[in-house]
Each structure stands twice: as structure tokens, then as C-alpha cells.
Visitor: 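Sharing a structure, written as C-alpha cells. Questions coming.
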Amino acid sequence: MPKVRFGIIADLHREIMHDAPQRLTAFIQAAREQNADFIVSLGDFCHSLEAHEDVRTIWNSFPGGRYLVLGNHDTDQSDKLTWMRFFGLRRIYDSFDWGGFHFCLLDTNTVSLEGIDYDYGNRNYFAFEDYRENLSASQLAWLKSDLAAAHGPTVLFSHASLADPNIGIRNRQQLREIVLDSRRQGPGVIAAFNGHNHVDGCLVQDGVPYIDVNSASNCWLGEAYACDTYGPQVECDHPWIRCTAPYRDALFTFVELDDQTRTLSISGMQSEFVGPTPQQRGHSGRSDHSGVPGGFAIRPVIEERILHY
């Protein structure tokens, strides 16, 4: 089985970052240089607005495969169907095969109330904080069937974590059972990648690594830690940037799967904060929501990892 190499970028946040087009351009250029088979965005990419067509154009310039996962903020200005139409998508969750591996693109943007699933749209999820971040019942049924029919090892992509007990999807136990079933029947799921948390980290559950891919742009700290970083002109046009700890350089990663050696290699990348660090702003410098003691450290880094499956 040949090797498969793909690029991942997460949480570009075109609506927050003034230089999002330049960050995405750096990723696309690197993907070309790395001869990536395909690229994946793990959500919070851009809104379906004319003002964000610049990043859509840059994204579409990559000559290989291009796959998008929906993030919660992608539909802050629209419903899901409008965002799908903006990118020409026919399904909001889907799967594909590449080089002997199977890949699933999942949608974690569902509010589930009393057994009924509601799509995110126009920021409605803010009103249902205790019921958001779910895989819909229909998607879970589809995934179970899809994995049962899959040939070869499978990788899952999502925006919210599929395993984190504090900020992951709420119906993660149902997902966990589906993943375990897939591994009993064959190679099954060997890894999962998510964005959303703006940290670098890895949780291992039932032998499967669930990998947090850091944001391409920043870590969200909130209004209590707001700070001027780029000056009044930028912050006038992009006011929410003050509530983040921006990264000077775009962060992204490339993953190589080698079924002969049964390894999954993740490339590393290092940047630095623009302006004061989170600790210098009075923040703990830890992600207070991740499922590890003390939380993952907030750092402008994607760690190099070599994992075995």
C-alpha cells in the first residue's frame, strides 16, 4: 500500500484575522511543495459572504483534493445550506478513499433537544449551550454503516473533539461504540483529528489518538484578557482580534500515513505570540476545557508526533 500525505489547517477565522488570506496562502504553497495528495480544513474557515471570497479562491487554487469540515462559526452569518452552496458541497458529512485508506468528514454542529436534532445557523447555538456539539442521529447511523463497509484503515476529521470529556461532542459515547465496532471488524478507525480548541494536544482512547490541531491564527482568550496587538486600524476593522492571542506565523501540519510500517507521522511547526503572552495578560496559559489535568498549554506550536496503529 502506498503512503498517503495530506495537509491540515484548522480555525483560520477569516472573520477575526486581518491577514487570514496570507496565512492560507502560506499553507497552500507548503502543500504544493510537500506534494500533498489532498488538504483538509477542520472548520471555522470563513463565512459564506462576498467579503470572504478571497480565501475561497485561494483554497480552490490547490490542484489536489480539497475537503472542508464545517465549524461552528462558519454559519454565524448563514444556515448550513447557504455555506454548503458557497463551497459547492452536496453533503455536510461525507467520506472518501485515498491510497488504500478511508477518511470521514464529520459535522459536529448540531443542537439536540429531546431527541430532535437542529442544525446550527445564524449563531443559534449560543442559546443552547448545554445541548450543542453533537453528531446528529442520522449522521451516527450513516457513520456506522460507512465504517462497516470501509476497506482499509480509517481517519476521522471533525471540528469539535470526538473524545474530549469537557468540550467534545456530547454524544461521544455513541461515537465511541461505533469506533470500537469498526476496530473489532478490521483495522477500523486508527486516528481522529479536530480543531475548535485552538491548542495542540492528543488524547488516546481505546488505542485511538484524538488529535487537537492548533489554530492557524490564534488562541481565543476572551474579553477579560483583551489587548491591543496590531494597532487601531486593524482592530477597527477586526475588533475581535483583541480578544485573542494571535500567532505571528500561520500554523498547519502535514500528515503521512504508511500502512507498511503502520505509522502516522505529524509534522511540527513553531511560531510566537504577537504582543503579550496569555500569562502576561493575567491568563493561566492553560486551556481550561481540555480533558487532561490542568488543560493543554496555550502555545503557538504544533508538535511533531509519530504514532503507531
Visitor: Determine, using ring centers only, whether Phe6 and Phe101 are less than 6.0 Å apart.
Guide: no
Visitor: Do the side chains of Ile39 and Phe157 join up, straight or via other hydrophobic residues, at under 4.5 Å, putting them in one cluster?
Guide: yes
Visitor: Any non-hydrogen side-chain atom of Gln77 less than 4.5 Å from a side-chain atom of Glu15?
Guide: no
Visitor: Do the side chains of Arg172 and Tyr210 get nearer than 4.5 Å, heavy atoms only?
Guide: no
Visitor: Is Asp37 salt-bridged to Arg5, cutoff N-O under 4.0 Å?
Guide: no
Visitor: Closer than 3.5 angstrom, by distance alone: can the side chain of Asp181 be matched with the main-chain N or O of Lys144 as a donor-acceptor pair?
Guide: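 Side chain of Asp181 to backbone of Lys144: no pair is present.
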Visitor: Between Pro246 and Arg281, what is the shortest heavy-atom contact and its length?
Guide: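 That closest heavy-atom pairing would be CD-NH2, 3.9 Å.
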Visitor: Would you check if the side chain of Glu235 reaches a backbone N or O of Thr229 as a donor-acceptor pair within less than 3.5 Å?
Guide: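 At least one qualifying donor-acceptor pair exists.
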Visitor: Other residues, nucleotides and ligands only: do more than 12 of their heavy atoms fall within 6.0 Å of CZ on Phe62?
Guide: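 Yes, the 6.0 Å shell around CZ holds more than 12 heavy atoms from other groups.
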Visitor: Check each of His198, Arg299, Met269, Arg23 against Leu251 using the side chain to side chain contact (heavy atoms under 4.5 Å, CB included) test, and report the only one that passes.
Guide: Met269
Visitor: Using 0.5 Å steps for rounding, measure from the CD atom of Glu177 to the CG atom of Leu140.
Guide: 10.0 Å
Visitor: Can you name the nearest heavy-atom pair linking His52 to Cys46, along with the distance?
Guide: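 Closest pair (atom of His52, atom of Cys46, distance): ND1-CB, 3.6 Å.
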Visitor: Is it the case that more than 12 heavy atoms not belonging to Glu129 sit under 6.0 Å from its CD atom?
Guide: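 No, CD of Glu129 has 12 or fewer neighbouring heavy atoms, counting only those of other groups under 6.0 Å.
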Visitor: Applying the salt bridge (charged side-chain N to carboxylate O under 4.0 Å, His left out) criterion to Arg14, which one of Asp54, Asp44, Asp19 satisfies it?
Guide: Asp54
Visitor: Asp107 side chain to Leu70 main-chain N or O, any donor-acceptor pair under 3.5 Å?
Guide: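 A pair under 3.5 Å: no.
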Visitor: So, does Asn122 use its side chain to make a donor-acceptor pair with the main chain of Ser78 at under 3.5 Å?
Guide: yes
Visitor: For the pair Asn134 (side chain) and Thr110 (backbone), establish whether a donor and an acceptor sit closer than 3.5 Å, ignoring hydrogens and angles.
Guide: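 Yes, the answer is positive, given that a donor and an acceptor are paired below the 3.5 Å cut-off.
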Visitor: Answer yes or no: is there a side-chain heavy-atom contact under 4.5 Å between Ser95 and His102?
Guide: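 Answer yes - side chains close enough.
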Visitor: Under 6.0 Å from the CZ atom of Arg90, do we count more than 12 heavy atoms belonging to anything else shown?
Guide: no
Visitor: Between Tyr309 and Asp259, does the side-chain contact (heavy atoms from CB on, under 4.5 Å) criterion hold? Intermediate values first, please.
Guide: CA-CA 9 Å; Tyr309 63 90; Asp259 202 49; 2.6 Å; yes
Visitor: Okay, side chain of Ser287, backbone of Phe296: is any donor-acceptor separation there less than 3.5 Å?
Guide: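 Absent.
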Visitor: If I take atom CG from residue Asp200 and atom CD from residue Gln270, how far apart are they, to the nearest 0.5 angstrom?
Guide: 10.0 Å
Visitor: Heavy atoms only: give me the nearest Leu42-His159 pair and the separation to one decimal.
Guide: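 Where Leu42 meets His159 most closely, the heavy atoms are O-ND1, 2.8 Å.
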Visitor: May I ask you to decide if Phe45's main-chain N or O and Asp74's side chain share a donor-acceptor pair within less than 3.5 Å?
Guide: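 Yes, the answer is positive, given that a donor and an acceptor are paired below the 3.5 Å cut-off.
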Visitor: Hey, could you give me the CD1/CG distance between Ile178 and Asp146, rounded to the nearest 0.5 Å?
Guide: 10.5 Å
Visitor: Where do Trp240 and His13 land on the side-chain contact (heavy atoms from CB on, under 4.5 Å) test, with the steps shown first?
Guide: CA-CA 11 Å; Trp240 291 113; His13 280 285; over 6 Å; no
Visitor: If we only count heavy atoms from C-beta on, is the Arg91 to Tyr93 side-chain gap below 4.5 Å?
Guide: yes
Visitor: I'd like to know if the side chain of Thr82 pairs up with that of Asp79 as donor and acceptor (distance under 3.5 Å, no hydrogens or angles considered).
Guide: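 Result is yes, a qualifying pair exists.
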Visitor: Under a single-linkage definition using a 4.5 Å side-chain heavy-atom cutoff for Ile, Leu, Val, Met, Phe, Trp and Tyr, are Ile9 and Leu105 assigned to the same hydrophobic cluster?
Guide: yes
Visitor: Indicate whether the side chain of Asp237 and that of His18 have a donor and an acceptor atom separated by less than 3.5 Å.
Guide: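 Note: Asp237 and His18 side chains miss the donor-acceptor criterion.
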Visitor: For Pro187 versus Pro153, what's the shortest heavy-atom pair and its separation?
Guide: CG-N, 3.8 Å
Visitor: Report the C-alpha distance between His151 and Asp97 in whole Å, list the side-chain angles of each, state the deciding distance to 0.1 Å, and finish with yes or no for side chain to side chain donor-acceptor pair (under 3.5 Å).
Guide: CA-CA 9 Å; His151 300 287; Asp97 295 313; over 6 Å; no
Visitor: Could you walk me through whether Trp59 and Phe27 pass side-chain contact (heavy atoms from CB on, under 4.5 Å), step by step?
Guide: CA-CA 9 Å; Trp59 178 257; Phe27 172 61; 4.0 Å; yes
Visitor: Donor-acceptor pair, distance only, cut-off 3.5 Å: does the side chain of Asn194 make one with the backbone of Ala160?
Guide: no
Visitor: Can you see which heavy atom on Asn109 is nearest to which on Lys80, and at what distance?
Guide: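 Nearest pair, atom of Asn109 first, then Lys80: O-NZ, 2.8 Å.
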Visitor: Find out whether Val208 and Val179 are in side-chain contact, i.e. whether some heavy atom of one side chain is under 4.5 Å from a heavy atom of the other.
Guide: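 Yes - at least one pair of side-chain heavy atoms lies under 4.5 Å apart.
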Visitor: Could you measure the distance from the CZ atom of Arg183 to the OG1 atom of Thr154? Nearest 0.5 Å is fine.
Guide: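 Here the interatomic distance stands at 10.5 Å.
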Visitor: Mark yes or no for whether Thr244, through its side chain, and Ile241, through its backbone, hold a donor-acceptor pair below 3.5 Å.
Guide: yes
Visitor: Quick one, Val189 with Cys104, criterion side-chain contact (heavy atoms from CB on, under 4.5 Å). Give me CA distance, side-chain angles, the key distance, then yes/no.
Guide: CA-CA 10 Å; Val189 174; Cys104 295; over 6 Å; no
Visitor: Evaluate the side-chain proximity of Ile298 to Trp220: yes if any heavy-atom separation is below 4.5 Å, no if none is.
Guide: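 No - every pair of side-chain heavy atoms lies 4.5 Å or more apart.
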Visitor: What's the spacing between Leu156 CG and Leu175 CG if we round to 0.5 Å?
Guide: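 Here the rounded value is 7.0 Å.
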Visitor: How long is the gap from CG on Asp94 to CD on Gln139, to the nearest 0.5 Å?
Guide: 10.5 Å
Visitor: Tell me yes or no: between the side chains of Ser271 and Asp249, is some donor less than 3.5 Å from an acceptor?
Guide: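 Yes, side-chain donor-acceptor contact under 3.5 Å.
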Visitor: Under 3.5 Å, is there a donor-acceptor pair linking the side chains of His73 and Tyr125?
Guide: yes
Visitor: Is Arg56 reaching over with its side chain to a backbone N or O of Phe87, donor-acceptor style, under 3.5 angstrom?
Guide: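 Judged by distance alone, no pair lies under 3.5 Å.
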Visitor: Compute the ring centroids of Phe96 and Phe38, then answer whether they are less than 6.0 Å apart.
Guide: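 Yes, close enough.
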Visitor: Please give me the minimum heavy-atom distance between Gly195 and Asp212, naming the atom from each residue.
Guide: O-OD2, 4.0 Å
Visitor: Determine whether Ile28 and Tyr67 fall in the same hydrophobic cluster, where Ile, Leu, Val, Met, Phe, Trp and Tyr are linked whenever their side-chain heavy atoms lie under 4.5 Å apart.
Guide: yes
Visitor: Does one hydrophobic cluster hold both Leu307 and Phe103, with members joined at side-chain heavy-atom distances below 4.5 Å?
Guide: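 Leu307 and Phe103: one cluster.
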Visitor: Are any of the side-chain heavy atoms of Cys219 and Tyr247 separated by less than 4.5 Å?
Guide: yes
Visitor: Compare all side-chain heavy atoms of Thr108 with those of Leu135 and state whether any distance is below 4.5 angstrom.
Guide: yes
Visitor: Do Ile58 and Val69 land in one hydrophobic cluster if side-chain heavy atoms of ILVMFWY residues count as linked below 4.5 Å?
Guide: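 In one cluster with Ile58: Val69, yes.
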